[in-house]
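What follows is one structure encoded as structure tokens, with my remarks underneath.
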Amino acid sequence: MLLALLSIRPFIANSIFTRLNEGGPLFMYTTLLILIVIILLLIRGFLKPAARDKTITLVSSISLFVLVWGFLGQMLGLIGAFDAIEAAGDISPSILAGGLKIAILSPLFGMIVFLIARIGIIVLNLLKK
């Protein structure tokens, strides 16, 4: 059983980095960096009650930025994909579906980070007295 779990772990890590590269490294890795910053800010908000209001405001602004950043990545990716389709002429539906799947990765990751930040904000607000 343990051996089976250890063999899955590299697959999961490889899959995550593959998805990050597929979704556009500029937008996906920036979103990952922002996720790390949000987590650090939330930890600071939990540990330092005096800085909670400032942390809530900052995380709120950053979470909205990361959401829009993800959709910006999608729009730029779709524009590039449609330019390529226009230049190629006729393409198969499977190629189009694969391109649309890749275009969805950036806003999906942005939405996940947004939700993590918003859950953290809710918890910080509940801890305020």
Side-chain angles (χ1 to χ4, degrees):
M1 178 72 170
L2 181 62
L3 203 55
L5 288 175
L6 290 175
S7 66
I8 292 174
R9 188 173 177 196
F11 174 74
I12 292 172
N14 188 25
S15 177
I16 290 171
F17 288 111
T18 301
R19 292 292 183 203
L20 286 174
N21 289 326
E22 280 180 350
L26 172 66
F27 290 94
M28 297 293 281
Y29 284 106
T30 304
T31 303
L32 180 62
L33 179 67
I34 292 171
L35 173 62
I36 293 167
V37 168
I38 286 173
I39 290 171
L40 292 174
L41 285 170
L42 289 173
I43 290 170
R44 185 186 92 169
F46 292 131
L47 297 177
K48 293 186 178 181
R52 234 173 238 159
D53 288 332
K54 188 175 181 180
T55 301
I56 290 171
T57 304
L58 190 57
V59 171
S60 177
S61 297
I62 293 172
S63 69
L64 287 173
F65 172 80
V66 77
L67 183 65
V68 173
W69 182 254
F71 281 105
L72 177 65
Q74 180 184 32
M75 292 299 116
L76 293 177
L78 284 174
I79 290 169
F82 289 141
D83 284 343
I85 290 170
E86 182 181 28
D90 189 29
I91 62 161
S92 70
S94 63
I95 293 175
L96 180 62
L100 290 175
K101 177 190 77 167
I102 289 171
I104 292 172
L105 290 174
S106 181
L108 175 66
F109 193 32
M111 285 186 269
I112 291 169
V113 173
F114 176 79
L115 287 174
I116 290 169
R118 289 299 165 156
I119 290 169
I121 289 171
I122 290 169
V123 172
L124 286 176
N125 278 323
L126 288 173
L127 293 176
K128 282 194 327 185
K129 294 181 180 179

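All of these numbers come straight from a predicted model, not from anything done at the bench.
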Task: Atom pair OG1/CD1 of Thr55 and Ile121 - distance to nearest 0.5 Å - done: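 One finds 10.0 Å between OG1 of Thr55 and CD1 of Ile121.
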
Task: Atom pair CZ/NZ of Arg44 and Lys54 - distance to nearest 0.5 Å - done: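 Output value for this atom pair is 6.5 Å.
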
Applying a strict under-4.5 Å side-chain criterion to I, L, V, M, F, W and Y, I'd like to know whether [X] and [Y] cluster together.
X: Val66; Y: Ile43; result: yes
X: Phe82; Y: Ile91; result: yes
X: Met75; Y: Val68; result: no
X: Trp69; Y: Val59; result: yes
X: Ile79; Y: Ile85; result: no

Open item on the list: Would you say that Lys128 contacts Asp53 through its side chain, given a criterion of any heavy-atom pair below 4.5 Å between the two side chains?
Closed with: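 Touching, per the 4.5 Å side-chain cut-off.
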
TODO: Check whether any side-chain heavy atom of Ile62 sits under 4.5 Å from a side-chain heavy atom of Leu41, and report yes or no.
DONE: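 The answer is yes, as the side chains (C-beta and beyond) meet within the 4.5 Å cut-off.
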
Show me the side-chain donor-acceptor pairs of residues 104-120 shorter than 3.5 Å, one per line, residues at least two apart or across chains.
residue : atom : partner : partner atom : Å
Ser106  : OG   : Gly70   : O            : 3.2
Arg118  : NE   : Ser63   : OG           : 3.3
Arg118  : NH2  : Ser60   : OG           : 3.3
Arg118  : NH2  : Ser63   : OG           : 3.4

Output side-chain donor-acceptor pairs under 3.5 Å for residues 30-40, partner residues at least two apart or in another chain, one line each.
residue : atom : partner : partner atom : Å
Thr30   : OG1  : Leu26   : O            : 2.5
Thr31   : OG1  : Phe27   : O            : 2.6

TODO: Please report the closest heavy-atom contact between Arg52 and Gly45, naming both atoms and the distance.
DONE: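 For Arg52 and Gly45, the tightest heavy-atom pair comes out as NE-O, 3.0 Å.
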
